[in-house]
J.: 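Following this message is one structure expressed as structure tokens.
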Amino acid sequence: MIETLTTQAAEAVAAAQAADSLDALAELERQALGKKGFFSEAKKGMGALAPEDRKDAGMAINSAKGEVDAAIATRRSELAAAERATQLEAERLDLTEVPVSAEAGHAHIVTQTWEALEDIFVGMGFRVAEGPQAETDWHNFDALNIPKGHPARDGFDTLYVNHGEPGSTLLRTHTSPVQVRTMLDQEPPIYVIAPGRVFRRDTADATHMPVFHQLEGLVIDRHISLADLAGTIDAFVSAYFGKSFNSRLRPNYFPFTEPSAEFDIQMNDGSWLEMGGCGMVHPNVLRAGGIDPEEWSGFAFGFGIDRLALMKYGVDDLRDMFSNDTRFLNQF
Ligand code: DAH
């Protein structure tokens, strides 16, 4: 009887070690240690033994039962730990941040153009000047030889700001007021460019936006002539568009320059495209900037940055640049 029990106990220990689930282990426990299990049977069988043999038999049964108990308990804690680990893994929240797109962004086409222009002019010896976007009527018009009532004011479609005396504050309609601020701020010789945002009460269409960007240039020195202006524009056009591109000046009128001109660039197909205005700084403007026109002379120019980018990249509609459609923007 003891031999049979020892064999059964050894099998039960092996089975416990091999059990692959808590359920299988419970079933094994029932078979080995339950009311109808083989230990119960063995205990019942003790009654049939001779009294002197019962002690040894009892000890053998107890030690075999202890081994089976221990094997089941060990395996149960192993299986429970594994089950808990599986459950934790299943319920784990993945808090790793997932990038929406792996693609890196890049500067907007207008910013790229603006920066390329700054590089070109800085390379030619210019410094970068700035002025406010909300400007006084005096800096935007009067100081630029456009007094109140001057017809040129009407051409600008000005947006006025509700601040101070009515009509005294506006969103600058061009970057030219930075000329005046620079002259009041520093002594000649002056070689500056002023790129910046400007505003007009315009309806958006293929070639106009109510908010756009200009680049102003101002040079004040001794013995500055129209030839210096033409040479500077030519140098900038070939630096930006390429050596084979030509520029030309056409007489025009601007209140702040005398003489004034419009400058065009020649495209690959031979056609001329209008780019901006320029001229010799008007003596009244020099005086408004605190500079003596008898001693100093200078030239100025101004053109649209957005329109320049449009020409360089062959964009048909200015509005595409500001629609924030990445399919458009990613081309540049
Ligand atoms: N401010 C002018 C405009 O917005 C452009 C311009 C013309 C600027 C002639 C100048 C200039 O500096 O000399 O239309």
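Atom set for the values below is all heavy atoms of this structure, side chains included, hydrogens, waters and symmetry mates excluded. Both counts, for ligands and for their atoms, begin at 1 and track the order of listing.
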J.: For ligand 1, which atoms, with element, lie under 4.0 Å from some heavy atom of G279?
T.: 13 (O)
J.: On the 0 to 90° scale, with breaks at 30° and 60°, tag the H108-F322 ring pair as parallel, tilted or perpendicular.
T.: parallel
J.: At a 4.0 Å threshold, what atoms of ligand 1 neighbour a non-hydrogen atom of F254?
T.: 7 (C), 9 (C)
J.: For atom 3 (C) of ligand 1, which candidate among Q179, M280, R200, E216 holds the nearest heavy atom?
T.: R200
J.: Please report which non-hydrogen protein atom sits nearest to atom 5 (C) of ligand 1, along with the residue it belongs to and the distance in Å to one decimal place.
T.: G302 O, 4.1 Å
J.: Of all the heavy atoms in E262, does at least one lie under 4.0 Å from an atom in ligand 1?
T.: no
J.: Measuring centre to centre across the rings, with the benzene-like ring taken for any Trp, is F303 within less than 6.0 Å of F236?
T.: yes
J.: Flag the pair R181 and E130 as a salt bridge only when some basic side-chain nitrogen lies within less than 4.0 angstrom of an acidic carboxylate oxygen.
T.: no
J.: Scan for salt bridge (Lys or Arg N to Asp or Glu O under 4.0 Å) pairs involving residues 308-320, sequence neighbours excluded, and state none if there are none.
T.: D317-R319
J.: Just need the protein heavy atom nearest to atom 6 (C) of ligand 1, so name the residue and atom and give the distance.
T.: F256 CE1, 3.8 Å
J.: Does any donor atom in the side chain of S247 or D264 lie under 3.5 Å from an acceptor atom in the other side chain?
T.: no
J.: What part of F301 sits under 4.0 Å from ligand 1 if we count only heavy atoms: the side chain, the backbone, both or neither?
T.: backbone
J.: So if I count the atoms of ligand 1 from 1 in the order they appear, which ones are less than 4.0 Å from some heavy atom of A300?
T.: 12 (O), 13 (O)
J.: Would V281 and Y253 show up in the same hydrophobic cluster when neighbours are defined by side-chain heavy atoms closer than 4.5 Å?
T.: no
J.: Taking V237 as the starting point, is it possible to reach F301 by hopping between hydrophobic residues whose side chains are less than 4.5 Å apart?
T.: yes
J.: Donor-acceptor pair, distance only, cut-off 3.5 Å: does the side chain of D137 make one with the backbone of D142?
T.: no
J.: State plainly whether the residues R200 and D157 are in salt-bridge range, i.e. N to O under 4.0 Å.
T.: no
J.: Provide the number and element of each atom of ligand 1 under 4.0 Å from a heavy atom of S176.
T.: 1 (N), 8 (C)
J.: Can a non-hydrogen atom of G276 be found less than 4.0 Å from any atom of ligand 1?
T.: no
J.: Go through ligand 1 atom by atom and flag the ones less than 4.0 Å from a non-hydrogen atom of Q214.
T.: 3 (C), 4 (O)
J.: With only distance considered, is G277 within less than 3.5 Å of ligand 1 through an N or O on each side?
T.: no
J.: Counting only heavy atoms, which portion of C278 has something under 4.0 Å from ligand 1: side chain, backbone, both, or neither?
T.: backbone
